[in-house]
Amino acid sequence: MWLRSHIFRCLYERVSTSENRAWNDTSSTQAAFQVAFCYKLGFGIRRNDDECLKMLGGSVSRVEELEREIDSLRPRTWKNFFQKGKSRDLYLSGRLTVTNFVDYYRFYHQWERTAEEYRREIRDTETVLGAEHLIPMFLTGVLSAIYKNQGQFQKALALDKQVVERSLRVLGVENADTIASVTNLAVTFLDLGQYKEAEERLALVMRWCVKILGLDNLRTLQSIHHLADTYTRQGRWDEAEQLEERATKMYLNRVGQERPETLDSMSNLAKIYKGQGKWKEAGELHSQVLDIRKRVLGEDHPVTLASLSNLATYYQDMRRWEDAEALRVDILEKRAKQLGKEHDSVLLCMAHLASCYVDQERWKEAEDLQIRTLRLSNKSLGREHPDTLSYIGGLANIFTSQEKWSKARRLHTKVKTLRIKVLGRKHPDTLASMGNLAFVHSSMKSWKQAEKLEMQVLRVRKRVLGRQHPHTINSMNHLAGIFAAQERWKKAETMYIQLVDARTQALGSENPSTLISVANLATTYRKQGRYRKAKKLHSQAFQATVKVLGSEHPQSLGCMGALALTLMNLRQWKKAEELQARLSRMKTKILGETHPETILSLENLGDLYTATGRLHEAEKLYNKASSLRGQTVEAKASDSSPRLV
């Protein structure tokens, strides 16, 4: 849009600076004709027939010439449009893509002005060319993307449906632009959490691509990835793994391991492995992608550094703090050298390093780095830029992690207020900041304020996103947590029953998120003394989680521990001891002896021995847990010296 406006201004300036626009001056005449074309079509400027005629000097022959130019844009059929020649081959092979300016508009915080300009351009081009012309359809697709980035998903959905209907009618099924429009619609359904609708359309796109382009075409492989992503978002890891592995193998056979598409597919597969709890496979694949990108692009290339960041995130997940930190520091130094310390990408790298310090509870370093990031963002982007507000929220979260509730509340309140002003009350980021503030209020036991805020978020999300959207379900989960924290078990139970129902409908009964809700519902029964009902649900959640994620996944271990506690409540000591001892061994193996979760499992086993009168064995476990806890504290203290970046 800004490019079109710039082109118009340049043309208009050429006409305006001419001392005397004589129609025999070829350069001036051509520029005037092009400006008239812009006025007629609404290209880079609001459509204006009077200004158009003025630029043509009232010449009948030139008016007729302009009409012929406009008419040339109205082909009788679109069947051959972009279907033959090098452009088609490059596009369908994945080597030619349409530039996406949506991130640019977001960065410069020009949503409203941009959306209004696109609405104007759509009206103008539809007036001249018709609603089913490819140009207004393309502009409508961009406007949809702008709405999505503003969190206005229902508006985006309506536009995407409109583009698909027109594409099918005008272009037909076997057309690259139709396939792209259906894909965009499916992605919008994904954003709305309407996974069934998204899956149906993406499966259809994949079949179309296989039929029209062939199985090994890059666009076909991209459609396979989109469908795999749908499964990933639903926690259907095995199906996602099967599709993404298929895509990766086909990329390797089609274009080799050094092409960006192949490496992207490998990175996506690594993330799926991580979701399945296959940590070793995920780490190996991330390392492989990084090594190839270093060899092909060089160690300092931005894409290589993105792979380095993925590996750093994996190390953080695995609690390999030193490895993660070394990579984060390396990325930051290289990006700062390339782009300058105030570039937005450098600020993001600083925030990532601060999060690494937070994971290690190195609060002073985390605070200092986040404050530096915030100051630089204030200076380079402005105090109300969305990225600046995110960095304020990041600092608030650091205070939250340290239980500095007053400081956290003040900053989260500031972020909420500014986001309402800048983004509006219904924007996802605004609702997220309200949720963060609700969490702080609940941590301060300000239950009334926490409940009020979370109820507001839930109402808006239900209205804007729908009842089955993941964010709506998360709000229900947070509200249930607020009730549980107050020991209002009956209200928590009601909310968890709704959660189990919503997640079952949206994701399926064996989805990991559904199983977490089942386990939480079981806990509310246990807290109310309804142990047999709790045992039944905890057993169900445990068995299903092991089936879906494997016995060594953290969620499986959590379910095992909850079931063991319930068995203790039922005084089924033998079964409880078997589970608790097994849990302790597995946590020692997977997480290490000094991990807080491992130590807690030892203490829980000690509690069981105490309850059954085995005091000597209990004392040994308590002493061991205390010793391990001391080692953890000493290790943290010895590693508390500041590290310069």
Fill in the blank from the handout: Residues L213 and T220: closest non-hydrogen pair is CB-OG1, 3.9 Å

Problem - SB check E116 R46 (cutoff 4.0 Å) - result: no

Exercise for the section: Flag the pair E200 / L204 as yes when at least one side-chain heavy-atom distance between them is below 4.5 Å, and no otherwise. Expected result: no

Handout entry: Nearest heavy-atom neighbours spanning R293 and S307
Key = NH1-OG, 2.6 Å

Exercise for the section: Mind listing the closest non-hydrogen atom pair of G130 and P136 along with its distance? Expected result: O-CG, 3.4 Å

Problem - Considering all heavy atoms, the nearest S345-L339 contact - result: CB-CD1, 3.9 Å

Fill in the blank from the handout: Rounding to 0.5 Å, atoms OG1 (T188) and CG (L159) come to a distance of 9.5 Å

Problem - L263 vs Q257 side-chain heavy atoms within contact, under 4.5 Å - result: no

Handout entry: Lys/Arg-Asp/Glu bridge criterion (N-O < 4.0 Å) met for E199, K196
Key = no

Practice task
Please determine, by modelled atom types, if Q338 and R335 share a side-chain donor-acceptor pair under 3.5 angstrom.
Solution key: yes

Fill in the blank from the handout: To the nearest 0.5 Å, atom NZ of K416 lies from atom CG of L389 at 14.0 Å

Exercise for the section: Measure from the side-chain N and O atoms of T388 to the backbone N and O of E384, and report whether any donor-acceptor pair falls under 3.5 Å. Expected result: no

Problem - Interatomic spacing from CD in E261 to CD in Q222 - rounded to 0.5 Å - result: 8.5 Å

Exercise for the section: Determine, step by step, whether L157 and F189 satisfy the side chain to side chain contact (heavy atoms under 4.5 Å, CB included) criterion, reporting the C-alpha distance in whole Å, the side-chain angles of both residues, the deciding distance to 0.1 Å, and the verdict. Expected result: CA-CA 7 Å; L157 182 64; F189 277 126; 3.7 Å; yes

Problem - Evaluation steps, side chain to side chain contact (heavy atoms under 4.5 Å, CB included), between L66 and K40 - result: CA-CA 9 Å; L66 180 62; K40 183 67 177 178; 4.1 Å; yes

Problem - salt bridge (Lys or Arg N to Asp or Glu O under 4.0 Å) between D264 and K271, worked out - result: CA-CA 11 Å; D264 287 342; K271 291 170 186 175; over 6 Å; no

Handout entry: Backbone N/O of L243 and side chain of H225: donor-acceptor pair under 3.5 Å
Key = no

Handout entry: Side-chain donor or acceptor of S144 paired with backbone N/O of T140 under 3.5 Å
Key = no

Practice task
Mark yes or no for whether S309, through its side chain, and L305, through its backbone, hold a donor-acceptor pair below 3.5 Å.
Solution key: no

Practice task
For the pair K148 and F153, evaluate side chain to side chain contact (heavy atoms under 4.5 Å, CB included) and give the outcome as yes or no after the intermediate values.
Solution key: CA-CA 5 Å; K148 277 191 277 190; F153 294 108; 4.0 Å; yes

Handout entry: Flag side-chain contact, heavy atom, 4.5 Å: Y391 against L348
Key = yes

Exercise for the section: Using a cut-off of 6.0 Å, state whether more than 12 heavy atoms not belonging to R120 lie near its atom CZ. Expected result: yes

Completion exercise
Rounded to the nearest 0.5 angstrom, the SG-NZ distance for C349 and K341 is 15.5 Å

Practice task
Examine distances only and state if a side-chain atom of R419 and a backbone atom of D429 form a donor-acceptor pair shorter than 3.5 Å.
Solution key: yes

Practice task
Consider only side-chain N and O atoms of S265 and R259, and report whether a donor and an acceptor are under 3.5 Å apart.
Solution key: no

Practice task
Assess the side chains of S377 and R383: does a donor N or O sit below 3.5 Å from an acceptor N or O?
Solution key: no

Handout entry: Under 3.5 Å side-chain donor-acceptor pair for T178 and S167
Key = no

Problem - H133-E126 side chain donor-acceptor pair, cut-off 3.5 Å - result: no

Fill in the blank from the handout: Rounded to the nearest 0.5 angstrom, the OG1-CG distance for T262 and L218 is 8.0 Å

Exercise for the section: Taking the side chain as every heavy atom from C-beta outward, state whether R425 and Q456 have any pair of such atoms under 4.5 Å apart. Expected result: no

Exercise for the section: Might you point out which heavy atoms bring A351 and Q370 nearest each other, and give the distance in Å? Expected result: CA-OE1, 4.0 Å

Exercise for the section: May I ask you to test the L507-I473 pair for a side-chain heavy-atom distance under 4.5 Å? Expected result: no

Problem - Heavy-atom side-chain contact between F33 and E65 under 4.5 Å - result: yes

Handout entry: Backbone of D300 reached by a side-chain donor or acceptor of T304 within 3.5 Å
Key = no

Handout entry: From CG (L374) to CD1 (I392), nearest 0.5 Å
Key = 5.0 Å

Practice task
Please report the closest heavy-atom contact between S475 and R461, naming both atoms and the distance.
Solution key: OG-NH1, 2.7 Å

Problem - Close side-chain approach of Y39 and R47, heavy atoms under 4.5 Å - result: no

Handout entry: salt bridge (Lys or Arg N to Asp or Glu O under 4.0 Å) evaluation trace for D229 with R233
Key = CA-CA 6 Å; D229 183 46; R233 296 203 198 192; 3.3 Å; yes

Handout entry: Y231, OH: over 12 other non-hydrogen atoms inside 6.0 angstrom
Key = yes

Practice task
Apply side chain to side chain contact (heavy atoms under 4.5 Å, CB included) to L134 and L171, showing your working.
Solution key: CA-CA 9 Å; L134 199 64; L171 305 174; 4.1 Å; yes

Handout entry: Within-4.5 Å side-chain heavy-atom neighbours: L431 and V460
Key = yes

